[in-house]
A.B. asks: 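Here it is, the structure in full.
Order of listing sets the numbers, starting from 1, for every ligand and every atom in it. Remember, it's a predicted structure, so these values are computed and weren't measured experimentally.
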Amino acid sequence: NKQKYFITTGSKQFDMLLGGGIETMSVTEVHGEFRTGKTQLCHTLCVTAQLPRSQGGGAGKVAMVDTEGSFRPQRVSEIAKTRYDLDPKEVLDNIIVARAHSHDAQMDMVTQLGVLFADPERGPFRLLIIDSITALFRTDFSGRGELSERQQRLNVHLQRLVKHAEEFNIAVLVVNQVMADPGANAMFGPVLKPVGGHVISHACHTRILMKKGRGDNRICKVIDSPCMPEAECTIQLTAGGISD
Ligand code: ATP
Ligand code: MG
């Protein structure tokens with residue numbers, strides 16, 4: 001009886017690349033440089049996850065773990081009101097936001113969210129966002145020789161997210177940072193790669209790279225989908241969120 005949902009990103013082209021949108025029972029990663037629109041995508045999905053199925057929504061509630069203080073209720077209100085003609089207060093009431101200041105707190109929150117997701121009176125939840133998944137792990141394990149412990153803990157965290165996605169039919173979206181790739185040939189400038197290595201690629205079913213285009217244009221590239229070819233499209237960052 002668990003049917004997969006696709007939650008619209010707000011852009012038809014982007015949805016098409018993803019096979020319909022951000023998928024439930026699955027973990028999707030989005031990475032890219034600063035100001036490429038990763039958090040704007042999160043804000044847009046906070047609204048679209050609540051839309052009825054007939055409008056490409058998930059007809060559900062949203063949980064958000066904010067590790068950078070980047071969640072902006074005003075942005076969610078603006079998107080809800082201007083783009084989807086929804087009552088901003090109702091939309092915000094359906095979003096649970098938890099602010100984490102350490103990787104331990106981040107991990108605990110995800111564990112505790114399992115209790116919430118399992119409670120039929122408080123759901124259904126259809127979207128869980130972690131913005132960002134790796135930042136606090138990088139801060140808390142920044143010393144030499146701590147990399148393997150960091151990766152182990154990150155793996156435990158991600159496996160729990162995979163489990164939540166499957167058990168509760170939730171779309172999990174994790175935002176990731178990029179870092180310079182020391183192994184790459186830098187003749188054409190620094191080559192950036194997502195943080196977290198194989199631990200992330202193993203747990204995430206779909207990966208998205210966001211790049212700057214001209215002005216408010218952004219390029220979204222789907223790089224690791226189980227059922228869609230590698231392809232990219234151009235989207236826009238607008239007052240109403242992500243759009244064609
Ligand atoms: P970081 O890695 O620093 O967290 P990010 O990828 O999360 O970056 P966002 O915060 O999602 O970046 O994107 C910031 C960009 O979103 C701004 O540069 C701006 O172009 C755009 N933006 C923000 N608010 C609006 C708005 N109300 N209307 C249109 N565009 C906006
Ligand atoms: Mg951000």
Side-chain angles (χ1 to χ4, degrees), residues 7-15 17-18 21-22 27-49 62-86 88 91-92 95 97-101 103 106 109 127-139 142 154 161 171-181 190-196 200 204 206-223 232-244:
I7 300 170
T8 179
T9 60
S11 155
K12 290 220 166 71
Q13 288 185 69
F14 194 7
D15 287 350
L17 291 192
L18 293 163
I22 304 291
V27 180
T28 301
E29 182 233 31
V30 55
H31 65 268
E33 287 185 80
F34 67 100
R35 293 201 144 199
T36 48
K38 304 179 296 294
T39 299
Q40 297 305 312
L41 176 63
C42 298
H43 285 137
T44 307
L45 285 162
C46 278
V47 179
T48 59
V62 180
M64 159 106 199
V65 178
D66 181 359
T67 76
E68 300 180 334
S70 57
F71 182 75
R72 294 282 177 281
Q74 314 90 277
R75 274 298 284 142
V76 174
S77 293
E78 190 180 20
I79 296 167
K81 210 163 36 182
T82 63
R83 175 91 175 271
Y84 296 101
D85 202 22
L86 296 171
V91 169
L92 286 172
I95 305 170
V97 185
R99 175 80 163 94
H101 292 278
H103 86 281
Q106 182 181 333
M109 282 167 191
L127 177 66
L128 167 58
I129 295 171
I130 320 282
D131 185 5
S132 86
I133 183 89
T134 42
L136 294 173
F137 284 83
R138 290 179 87 185
T139 318
S142 58
L154 189 58
L161 290 170
V172 176
L173 179 72
V174 302
V175 173
N176 195 8
Q177 302 172 308
V178 289
M179 57 179 270
D181 183 354
V191 180
L192 298 169
K193 63 170 188 182
V195 177
I200 300 258
C204 298
T206 304
R207 308 190 79 177
I208 299 162
L209 166 63
M210 291 184 78
K211 290 185 288 192
K212 279 182 196 146
R214 240 179 230 176
D216 290 331
N217 287 354
R218 297 292 185 272
I219 297 150
C220 299
K221 187 171 185 184
V222 176
I223 52 177
E232 62 181 44
C233 70
T234 302
I235 54 130
Q236 288 200 53
L237 303 179
T238 73
I242 301 281
S243 134
D244 277 309

A.B. asks: Is the shortest N/O to N/O distance between G32 and ligand 1 below 3.5 Å?
C.D. replies: no
A.B. asks: Look at ligand 1 and say whether R75 reaches it with a heavy atom at a distance under 4.0 Å.
C.D. replies: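 Yes, R75 has heavy atoms under 4.0 Å from ligand 1.
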A.B. asks: If you round to the nearest 0.5 Å, how far is CD1 of I79 from OG1 of T44?
C.D. replies: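 It comes to 4.0 Å.
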A.B. asks: Can you sort out which atoms of ligand 1 are near G37, meaning under 4.0 Å from one of its heavy atoms?
C.D. replies: 5 (P), 6 (O), 9 (P), 11 (O), 12 (O), 13 (O)
A.B. asks: Indicate yes or no: at least one non-hydrogen side-chain atom of Q40 is less than 4.5 angstrom from one of R75.
C.D. replies: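 Answer yes - side chains close enough.
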A.B. asks: Under 4.0 Å, heavy-atom basis, I'd like to know which part of V175 is in contact with ligand 1: side chain, backbone, both or neither.
C.D. replies: neither
A.B. asks: Return the closest protein heavy atom for atom 29 (C) of ligand 1 as residue, atom name and distance.
C.D. replies: T238 C, 3.5 Å
A.B. asks: Below 4.0 angstrom from a heavy atom of A239, which ligand 1 atoms are there? Numbered from 1 as shown, please.
C.D. replies: 28 (N), 29 (C)
A.B. asks: Could you check if a side-chain atom of R218 sits within less than 4.5 angstrom of a side-chain atom of K212, using non-hydrogen atoms only?
C.D. replies: yes
A.B. asks: Between E33, H31, K38, which one has a non-hydrogen atom sitting closest to atom 5 (P) of ligand 1?
C.D. replies: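 Closest candidate by heavy-atom distance is K38.
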A.B. asks: Short question: side chain of S11, backbone of I242 - any donor-acceptor pair under 3.5 Å?
C.D. replies: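 No: the side chain of S11 does not pair with the backbone of I242.
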A.B. asks: May I ask you to identify the nearest protein heavy atom to atom 3 (O) of ligand 1, giving residue, atom name and distance to one decimal place in Å?
C.D. replies: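 Here the closest protein heavy atom is F34 CB, 3.4 Å.
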A.B. asks: Closer than 3.5 angstrom, by distance alone: can the side chain of K38 be matched with the main-chain N or O of V174 as a donor-acceptor pair?
C.D. replies: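 No; zero donor-acceptor contacts below 3.5 Å.
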A.B. asks: Can you check which of Q40, R218, R35 brings a heavy atom nearest to atom 20 (O) of ligand 1?
C.D. replies: R218
A.B. asks: Return the closest protein heavy atom for atom 7 (O) of ligand 1 as residue, atom name and distance.
C.D. replies: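 Checked against all protein heavy atoms, atom 7 (O) of ligand 1 sits closest to T39 OG1, 2.8 Å.
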A.B. asks: Is it the case that atom CZ in R99 sees more than 12 heavy atoms from other parts of the structure closer than 6.0 Å?
C.D. replies: yes
A.B. asks: Does the side chain of I95 come within less than 4.5 Å of F71's, by heavy atoms?
C.D. replies: yes
A.B. asks: Has Q177 got any heavy atom lying under 4.0 angstrom from an atom of ligand 1?
C.D. replies: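 The answer is no, since Q177 has no heavy atom less than 4.0 Å from ligand 1.
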A.B. asks: Show which atoms of ligand 1 fall inside a sub-4.0 Å distance from at least one heavy-atom site of T36.
C.D. replies: 5 (P), 6 (O), 12 (O)
A.B. asks: Return the CD to OG1 distance between Q177 and T134, rounded to the nearest 0.5 Å.
C.D. replies: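 Here the rounded value is 4.5 Å.
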A.B. asks: Does the shortest distance from the Mg ion (ligand 2) to an N/O/S atom of S132 fall below 2.8 Å?
C.D. replies: no
A.B. asks: Hey, does the side chain of D244 reach the backbone of Q13 with a donor-acceptor pair shorter than 3.5 angstrom?
C.D. replies: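 Yes; judged by distance alone, with no hydrogens or angles, the pair exists.
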A.B. asks: Against heavy atoms of E78, which atoms of ligand 1 measure under 4.0 Å?
C.D. replies: 27 (N)
A.B. asks: Is there a donor-acceptor contact under 3.5 Å linking the side chains of T8 and D15?
C.D. replies: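 There is such a pair (donor and acceptor under 3.5 Å, judged by atom type) between the side chains of T8 and D15.
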A.B. asks: For atom 15 (C) of ligand 1, which protein heavy atom lies nearest, and how many Å away is it?
C.D. replies: L237 CD1, 3.8 Å
A.B. asks: Is ligand 1 under 4.0 Å from a heavy atom in the side chain of M210, in the backbone, in both, or in neither?
C.D. replies: neither
